[in-house]
Amino acid sequence: MTELTDITALLHSRIRDVADYPEPGVMFKDITPLLADPVAFTALTEVFAGIAERTGATKVVGLEARGFILGAPVAVRAGLGFIPVRKAGKLPGATLGQTYDLEYGSAEIEVHAEDLSADDRVLIVDDVLATGGTAEASIQLIHRAGAQVAGVAVLMELGFLDGRPRLEAALGGAPLEALLTI
């Protein structure tokens with residue numbers, strides 16, 4: 001328990017607050033100092049790889065764009081394949097898409113469906129859980145591709161935005177692990 005407490009303290013210490021970004025009144029949580037620190041980035045990768053192993057994941061999905069940065073080394077460390085989930089129109093060839101609602105309007109994410117199979121258990125990795133819209137859409141997309149969701153792992157959960165209940169409903173019992181809750 002002390003080790004995880006030490007790691008979460010390290011991770012938290014490497015996240016910089018940027019006031020009024022991207023607009024006035026918003027306190028942006030910048031993870032670039034964490035990524036620049038090899039000790040902190042390695043610790044994060046190790047914790048996420050442990051989650052992948054515990055959940056029996058066979059693939060790691062990273063959500064655009066910071067989920068790519070965090071998820072790819074997790075996949076390598078855990079000896080798993082990495083699948084990017086991208087904004088619509090960014091992947092070449094045939095894709096499977098999932099639309100979801102935003103505060104104002106909607107968005108769509110896509111995956112190469114042939115990269116997932118019914119035998120796959122997928123760990124979804126991202127930097128932040130906010131309202132849960134993108135993560136929920138990725139869960140739906142993975143199910144539509146025929147794979148199972150092993151769980152979701154995020155660096156930070158913005159608890160005041162209430163994304164957890166939305167995501168837990170979509171996960172159907174699979175774990176949601178946030179290393180830091182803000």
Side-chain angles (χ1 to χ4, degrees), residues 3-4 7-8 11 31 35 41-102 106-157 163-181:
E3 183 179 332
L4 187 56
I7 291 170
T8 57
L11 299 176
I31 68 166
L35 300 174
F41 195 13
T42 299
L44 174 61
T45 300
E46 293 293 328
V47 171
F48 278 173
I51 293 169
E53 291 165 8
R54 250 191 343 272
T55 61
T58 60
K59 300 260 174 79
V60 173
V61 155
L63 304 182
E64 189 163 341
R66 288 177 296 270
F68 297 171
I69 297 168
L70 302 181
V74 169
V76 170
R77 172 62 183 85
L80 306 174
F82 177 77
I83 310 294
V85 169
R86 305 240 20 217
K87 294 175 184 171
K90 301 291 184 178
L91 290 171
T95 60
L96 185 60
Q98 182 68 45
T99 302
Y100 61 101
D101 291 329
L102 299 169
S106 64
E108 184 177 5
I109 54 174
E110 294 179 331
V111 68
H112 283 134
E114 70 271 8
D115 292 341
L116 296 170
S117 74
D119 295 330
D120 284 320
R121 291 184 44 79
V122 179
L123 177 67
I124 300 165
V125 172
D126 205 3
D127 64 329
V128 175
L129 170 60
T131 64
T134 306
E136 180 184 41
S138 70
I139 291 167
Q140 295 166 346
L141 190 58
I142 290 163
H143 287 152
R144 288 184 49 223
Q148 301 171 39
V149 176
V152 173
V154 296
L155 170 59
M156 290 179 281
E157 177 180 353
R164 181 172 286 269
R166 176 182 191 173
L167 220 49
E168 285 177 336
L171 281 166
L176 167 57
E177 297 200 36
L179 302 184
L180 306 172
T181 301

For residues Arg66 and Asp126, report the shortest heavy-atom separation together with the two atoms involved.
C-OD1, 4.3 Å

Correct closest heavy-atom pair for Ala52 and Leu80 would be CB-CD1, 4.0 Å

Can you find a pair of side-chain heavy atoms, one from His112 and one from Pro92, that are under 4.5 Å apart?
yes

Would you name the heavy atoms of Gln148 and Ile142 that are closest together and state the gap between them?
O-CG2, 4.0 Å

Determine whether Asp119 and Thr58 make a side-chain contact, defined as any pair of heavy atoms from C-beta on separated by less than 4.5 Å.
no

The test is side chain to side chain contact (heavy atoms under 4.5 Å, CB included); show your working for Ile109 and Arg86 and say whether it passes.
CA-CA 5 Å; Ile109 54 174; Arg86 305 240 20 217; over 6 Å; no

If I compare all heavy atoms of Ala78 with all of Glu53, which pair ends up nearest, and what's the gap?
CA-OE2, 4.1 Å

Quick one: does Val60's side chain get under 4.5 Å of Ile83's, heavy atoms only?
no

Do Glu46 and Arg77 sit within salt-bridge range, that is, some charged N less than 4.0 Å from a carboxylate O?
yes

Please assess Leu179 against Phe48 for the test side chain to side chain contact (heavy atoms under 4.5 Å, CB included), listing each intermediate value before the final yes or no.
CA-CA 9 Å; Leu179 302 184; Phe48 278 173; 3.7 Å; yes

Taking side chain as C-beta onward, heavy atoms only, is Gln98 less than 4.5 Å from Arg144?
yes

Would you compute the distance between atom CD1 of Ile69 and atom OG1 of Thr45 and round it to the nearest 0.5 angstrom?
11.5 Å

Is there side-chain contact between Val128 and Val154, with at least one heavy-atom pair below 4.5 Å?
no

Answer whether the closest heavy-atom distance between the side chains of Leu70 and Leu35 falls below 4.5 Å.
yes

Basic-acidic side-chain contact under 4.0 Å: Lys90, Glu110
no

About how many Å separate OG1 of Thr134 and NZ of Lys87, when rounded to the nearest 0.5 Å?
9.0 Å

Would you name the heavy atoms of Ser138 and Leu63 that are closest together and state the gap between them?
CB-CD2, 3.6 Å

Closest non-hydrogen atom pair between Ala113 and Leu96, with its separation
CB-CB, 4.0 Å

Any side-chain heavy atom of Ser117 sitting closer than 4.5 Å to one from Asp120?
yes

Report the C-alpha distance between Met156 and Ile31 in whole Å, list the side-chain angles of each, state the deciding distance to 0.1 Å, and finish with yes or no for side chain to side chain contact (heavy atoms under 4.5 Å, CB included).
CA-CA 10 Å; Met156 290 179 281; Ile31 68 166; 3.7 Å; yes

Distance check, rounded to the nearest 0.5 Å: Leu129 atom CG versus Leu180 atom CG?
12.5 Å

Arg121 atom CZ: more than 12 heavy-atom contacts under 6.0 Å
yes

Going by atom types alone, do Tyr100 and Ser106 pair a side-chain donor with an acceptor below 3.5 Å?
no

For the pair Val47 and Ile7, evaluate side chain to side chain contact (heavy atoms under 4.5 Å, CB included) and give the outcome as yes or no after the intermediate values.
CA-CA 9 Å; Val47 171; Ile7 291 170; 3.9 Å; yes

Can you tell if the side chain of Asp115 reaches within under 4.5 Å of the side chain of Phe82, non-hydrogen atoms only?
no

If you measure from the Lys or Arg side-chain nitrogens to the Asp or Glu carboxylate oxygens, is any gap between Arg54 and Glu177 under 4.0 Å?
yes

